[in-house]
Each structure stands twice: as structure tokens, then as C-alpha cells.
Amino acid sequence: MTNPVITTVRDSVAVLAVDYPPVNALGPGVPSAILEAIEAAERNADVSAIVFMGAGKTFVAGADINTLERAAWGDPDAACDLHPLLARIEDCSKPVVMAIHGTALGGGLEIAMAGHFRVAAADALLGQPEVNLGIIPGAEGTQRLPRLVGVAKALDMCVTGKPLKAAEAHAAGLIDRVMDGDLVAGAVRFARSVAVTVRVRKTRERDELLGTAEENAPLFAAARELAAKVRRRQVAPGKAIDAITAATTLPFDEGCRRERELFFECVKGEQARALIHIFFAERAVTKIRGLSKDVQPRPISRVAVVGAGTMGGGIATACANAGLAVSVKDATRAALDAGFATIRRNYDATVKRGRLTGDAAAERIARITPVLSYDDVATADLVIEAVFENMELKSHIFRELDAVAKPGAVLASNTSTLDIDALASVTSRPEDVVGLHFFSPANVMRLLEVVRGARTSPDLLATALAFAKRLGKVPVVVANCRGFVGNRMMFPYMYEAQFLVEEGATPEQVDRALTGFGMAMGIFAVDDMAGIDVAWRVRQELGHFQDPSERRPLVADKLYELGRHGQKAGRGWYRYDEQRKPSPDPEVVELIKTTAREAGIPQRSHDDREIVERCLYALINEGARIVADGSVQRASDIDVIYANGYGFPAWRGGPMFYADRVGLREVHDRILQFERDFGPRWAPAPLLTELAQTNRTFRDLDRERS
Ligand code: 3H9
């Protein structure tokens, strides 16, 4: 391996640049190369100070997550002990200035904190995102961070995992200066000045911000509350709090030892495996078989959205937030005004919550232009149709778009269920048509299903992926199958929940079992939020329950007929107060009972285990069919879809990974039992049978196919 650290000397300052693409992670050999470079610079009599930085687009983005993954799966050789390196940097007799651009994350920030000074480019980000991987900082970050930024800030950073921008990091005391202009030149100047004038301070010796037990007690309590709220049921945030507690109660070296113990407890835990799986799965989704990296996306600077309803408004907001100019078209002034008023209201609420300044919101709103004619649409590089879910209406709009859109424009539909090829076929340019299935609220939810039509061209697909990245979304390419992937799986899950209540469980009990498992919301609450009428319409569009021998859920149709359309109607499976807070509704319980009696469905009680297994195994069984028929490229794509769009707990790794962890044999046996008990809807997916019989997992399958 070539030396991953390049050393140059400028004005008697040694500039050490880690060059380990793509993100200068601390892969095998990198920490020792840094150590050697520091020692060489220290020995060099012509060098008075050292600048440490990253080559290419970033500072060190962290420990090597591949190594962490191996450690999480039990490889005893996958050690990542940065202690010798950090001690060597901190004890260096010449001042070490960390020059940060891009991201200094995890082990990257831990290295930076061992330096004597930190300067950063204005757009740099600094953070301890380890909790996102189910672990805690394991290279003394929980010990040095509170010494630089204080206990409260350190707790917040380690619990939320959110990075600080350079200006915030400066205000917090994490860095010494934000640099304008050339970072290296500025850092060298800074290093020369401190080499002669400033006494070097070791971070580990700074104890003045650590606070007293009395001062810290409420901070730790608040951090635990925060963890319970933003990282419900996750283990790592609590361990990070324990490690920071150790920083405030133990000498530095002992604190580091405690951190290391807690770090390994996390690394060896189930949640780290799951979250690391999700990390790599989210990066794998953009690697599309047959789509070469050389395929250039089309440039997108102007977007038009057709339809100013909830989805259209959310999509326009997402585009404006990403700095794109966007026109929103609707057919009537009234619809346009109502849509625009909602967009404004949502921005106002964001400003009120302190998440955006008034000026920034005004700037974003100014990027959105409401229009009634197709004139603006004609100049757009990308048009996203987001009208009512109706094939006739959407086909009509696609014909109009075909007539007005400029050559090469991307024509996208935000359909959640309809056939993209059928829409493409009404145009003269099916290769320019793609599905972009956003999830509501479109400006918040990270998932984007990119529906590849039979004739969607490769560069159009590349454009859709680049556009998703620009919006900060996680795009998953799916085939043009009925309901695409997320919804196709959700229906069997939802129907099973409805069968459970028809057999004697209550919606509340089912939802409680599912949230107890870790789902963000119960399925009945989801149905109410999405709209009972919407699910009804989708059932008709997808032609579910055409076969009269198939068991069909009975209550949902009745709720629809009664106008109990969910949250927006104030009643659905639950009753809602003015703040949309749900409570169980005895009328619904009665309706369910009567319906079951009339249909002769025997009543019994269900425990949480049966509820969770029946709901989730229905989801997983359909997922196995989807993997088998190639509607996704990998099983892990489904995990990404469910973790980002359907509230599946990422710390369980998504449904397919969860099935692997339960054991596919066990899942398969249970499904066979359900088939005996409940009939043919529970026939196991052939792929599940095959994997169970050959003792393989979905993860194995993905690896075999990659
Ligand atoms: C840690 O540091 C623990 C320590 O406390 C203790 C240790 C003892 N390792 O996301 P992208 C790869 S935990 C290995 O598309 P972007 C990634 O897989 C770590 N690989 O780019 C992808 O590979 P490929 C704390 C990594 O520009 C490629 O880089 N750090 C790592 O959109 C590009 O990734 C983190 O959690 C890594 N650390 O975003 C930071 N990071 O092309 C995690 C990335 O083969 N990383 N790769 O698919 C990120 O958040 C983003 O990657 C980053 C760049 C913001 C850096």
C-alpha cells in the first residue's frame, strides 16, 4: 500500500495530509502511518509546527466502518485502538494544528481533539455520529469533548449524533478559528504564529469545564430524557451518557478505560450489527446493476411540480430547501392559493420551532413560484406530476407534459401505485419517464422510491439518483410492480392486523404490540394518518381481493362507508381530539365485534408475540417474494425502504435483516404453522423456503449476488 499520509514542508511547518479515499477513514494502516508522520515531523529540525489535514474532499470522516462491522460480527482481529496515536499527537513537543474541511466525524473528530489547536473551513462539519451506528465514541471522544465544549454540549452531540457547523463549533469552543480563504495557507500561518507565541495545552489536561456532580446531575437527567425521545429503545445513547459521566467523575485515563468498556459493549451488541447493516445498505442502493458510473446525469436546475396538494407542496418545499427554483402548477387559482398557503404555514411553523431563521424561510419561499399555465413547466429540466391518484387524470397530464416539456426534460410521476409504463406509453418519450414516489411529508421523509420503467433510459435513472441526493433523500430503485415495494409489502401487514382485530384483538392492542416491537407508529394509527379513504382507493386500484375464496378484511370498508376516513375526519380506527390526539373509540370496537359476529369469526385473545409475528412475518414473506421477482436488486434495499419510509426501527436493521436475526428457519416454521392455522394466504414465499432449507440468510444472498 502506498503511504496514506503525504508530508510536505511549508515555511517550516510540516503539512501532513491523510490521503485515503473516498473519505480518509482510518482504514488498516492509516493510524500507524499518521503516527509515523507525526514522529518524523517532530524529529525534523527544520519543522517548528505541524498541520494535520485530509487530502481531497474531507478531513478524516471516522474510524473504518468496515473494521467496526467485522468487530460487530465477532472478528477478534478487528481492533480499532487509536489510543497510542492520540497520546502521541497530544504529547508531541511541537504544536499540532488540525486543519479541518469537509467532515471531522467520529474517530476523525477524536484525532482533531487530540491536537493542540483546531481551525476549520466555514463549511466544515464536526461531530460524534457513532450513535447512528449503534456505538459510542471509542477513541476518547467522550473524555475530550466535554473538556472542550462542556458537559451539556458533549451530551447533546453524543446522544443525537448531530454534527456542528464550523461557526457553531467555534462558538462551542471545539475549534479555535473559522478560516476564510485557503485553509492550508491559513492553517500554516496559524501554526507559525502559535509555534512562537502560545503555550501548548493538552485537551486531556483541561478540566475546568467538567462541572460538579451537582451541576451535572440535571444535565445527565435531561440527556436521558432526550435519548428516550429521539432514540427510543436504543442502547448506545445511554452508554454515551455513562461514558461522559465517567469523564466528569474519573481521572482522564480511567475515564478512557471506562469508555472503551462501554464502547465494546455496544460494538458486540445486536443494535450495532443492525445499524451498521443499514449504513452500508443505504450506500449500496445507488449502485445499480447495469448502470455504469460513467453515465452522466442530466443537469437539473429548474423543477416544476404539477399539483399543489399535500404531496405537490411537500415536493416543492423539498426542492426549495435544496436550493432549486421550482414552479408549482395547478389548474385553478383557488387550488394554487390553498397549496401555497400551506407551504407558507409549514415554513412559519419551522421558523417558530427555531429550526430556520425568518430570512432563510423567506429565501426558500421565494424559490417557489405558483403558476397556472404550462409556460414555466415548459422550461423545467424536471417535471414532477403530483396530482390525485387516478390513472385517467395522470395520463391526461402526461399527454400535456409531452406536448409542452422541453426535449430532454425528465418527466416524473409521484404515483404511489400506478403503472409507470402505462403512463410512459401515452408520451412520445417513454425513455424520459420515471416514477419518483415521495413519502408524506415529502419535505421530511428521507425515502424516495425511484420506479424504473421498462424503457426508462440509464441516464434518466442516473439523473433521478443525483436529484435524490441533492434533496438529501435516500433513493431506492424499484421495479414497476403493483404497489411498488413499500406499499406492496404494507398491505399484507395491514390486512393481518385487521384480521387480528376481527378475531378479538383491539386496534389499540395491536398498535401497542407493534410500537413495543419498535415501530414508530402502530399500523392502525398509520392507516388513520394516511387516510382510510386513501387505502380504500388503493385497494380498488390494485384490485385486491378479486378472488372470492380469499379472506378479506371487513371492517376497513365499513369505516370508509361511514366516513370515518381517519385523522383528517377526526375519526377512523381511533377518535381524535382537536390536537389530533387519538383515543380508542368504543363505537369502533362495537363495529368490529358486530362485523365479526355476522361473519361468524370465532373470538379469542392474542398475546403480543402472536400479534408481532403475524404482522411482521406477513411483511417479510411478501418481502421475500419481492426479492425473488427482482423488484428490488437486494434484500437490503427493502430494509432501507422500511427504515426510512415506514417507521421500521433501524436498530433492528429493517425487516429482512430482522428475519435473518430471528433465523429464517424459525420464521419459515412459524409461517408454515400460520398456513396450517389460517390458510393459503400464509403460503411461504419459495425463496424463504429455499434460504431456510439451505441455512442461508438474506444477507448471504445479497453477498452472493454482489
Ligand atoms: C467511529 O469513528 C468510531 C470511533 O469513535 C472509535 C473507533 C475506535 N468507514 O456516504 P457516502 C464510504 S465510527 C468506511 O456515499 P458522502 C461509504 O461506504 C465512524 N467507509 O459519501 C462509501 O463507500 P462506497 C464515524 C466509509 O459524500 C463512500 O465512503 N463516522 C466511511 O455522501 C462514500 O460515502 C461516521 O459515522 C467510514 N467511516 O458522505 C461517518 N464513511 O462508495 C460516516 C464513508 O464504496 N460517513 N465511507 O459505497 C458519512 O457520514 C458519510 O459517508 C460522509 C460522506 C458524510 C463522510
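Atoms within a ligand are numbered from 1 in the order they appear, just like the ligands themselves.
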N/O donor-acceptor pairs under 3.5 Å from side chains in residues 74-82, not counting sequence neighbours:
unit_1, atom_1, unit_2, atom_2, d
Asp75, OD1, Asp77, N, 2.7
Asp75, OD2, Arg70, NH1, 2.8
Asp81, OD1, His83, N, 3.0

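Cation-pi geometry between Arg233 and Trp651 is not met: the NZ or CZ atom fails to fall both under 6.0 Å from the ring centre and inside 45° of the normal.
At a threshold of 4.0 Å, the pair Glu140-Arg204 does not count as salt-bridged, since none of the basic side-chain nitrogens sits closer than that to a carboxylate oxygen. Contact check on Arg367 versus Glu363 returns a salt bridge, with a Lys/Arg side-chain nitrogen under 4.0 Å from an Asp/Glu carboxylate oxygen. Of the charged side-chain nitrogens involved, none lies within less than 4.0 Å of a carboxylate oxygen, so that Glu704 and Arg699 do not count as a salt-bridged pair. With respect to Glu282 and Arg634, no salt bridge is recorded, no charged nitrogen being found less than 4.0 Å from a carboxylate O. Between Arg703 and Asp700, no side-chain nitrogen of the basic residue sits less than 4.0 Å from a carboxylate oxygen of the acidic one, so the salt-bridge criterion is not met. With respect to the salt-bridge test (charged N to carboxylate O, under 4.0 angstrom), the residues Glu110 and Arg144 do not qualify.
Residue contacts with ligand 1: Lys287 is included, with a non-hydrogen atom under 4.0 Å away. Using a 4.0 angstrom heavy-atom cutoff, Pro137 counts as in contact with ligand 1. Close to ligand 1: Leu68, with a non-hydrogen atom less than 4.0 angstrom away.
The distance criterion of under 3.5 Å between nitrogen or oxygen atoms is not met by Gln128 with respect to ligand 1. For ligand 1, the polar-atom distance check against Thr103 finds no nitrogen or oxygen pair separated by under 3.5 Å. Annotation: Phe280 places no N or O atom under 3.5 Å from an N or O atom of ligand 1; distance criterion only. For ligand 1, one of its N or O atoms has an N or O atom of Gly107 under 3.5 Å away. Between Lys57 and ligand 1, at least one N/O pair is under 3.5 Å apart.
Residue pairs meeting the side chain to side chain donor-acceptor pair (under 3.5 Å) criterion with at least one partner in residues 163-186, sequence neighbours excluded, are absent.
Protein heavy atom nearest atom 26 (C) of ligand 1, with residue, atom name and distance: Val23 CG2, 3.9 Å. Looking only at protein heavy atoms, the nearest one to atom 17 (C) of ligand 1 is Arg283 CD, 3.8 Å. The protein atom (non-hydrogen) at minimum distance from atom 36 (O) of ligand 1 is Pro129 CG, 3.6 Å.
In this structure, atom 5 (O) of ligand 1 is in close contact with the protein, since a protein heavy atom lies within 4.0 Å of it.
Closest heavy-atom approach to atom 33 (C) of ligand 1 within the set Pro21, Gly62, Pro22: this belongs to Pro22.
Here Ala61 has heavy atoms under 4.0 Å from ligand 1 in both its backbone and its side chain. With a 4.0 Å cut-off on non-hydrogen atoms, Leu26 does not touch ligand 1 at all.
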| Does the ring-ring contact (aromatic ring centres under 6.0 Å, His included) test come out yes or no for Phe190 and Phe117, once each step is laid out? | CA-CA 9 Å; Phe190 183 92; Phe117 301 96; 5.7 Å; yes
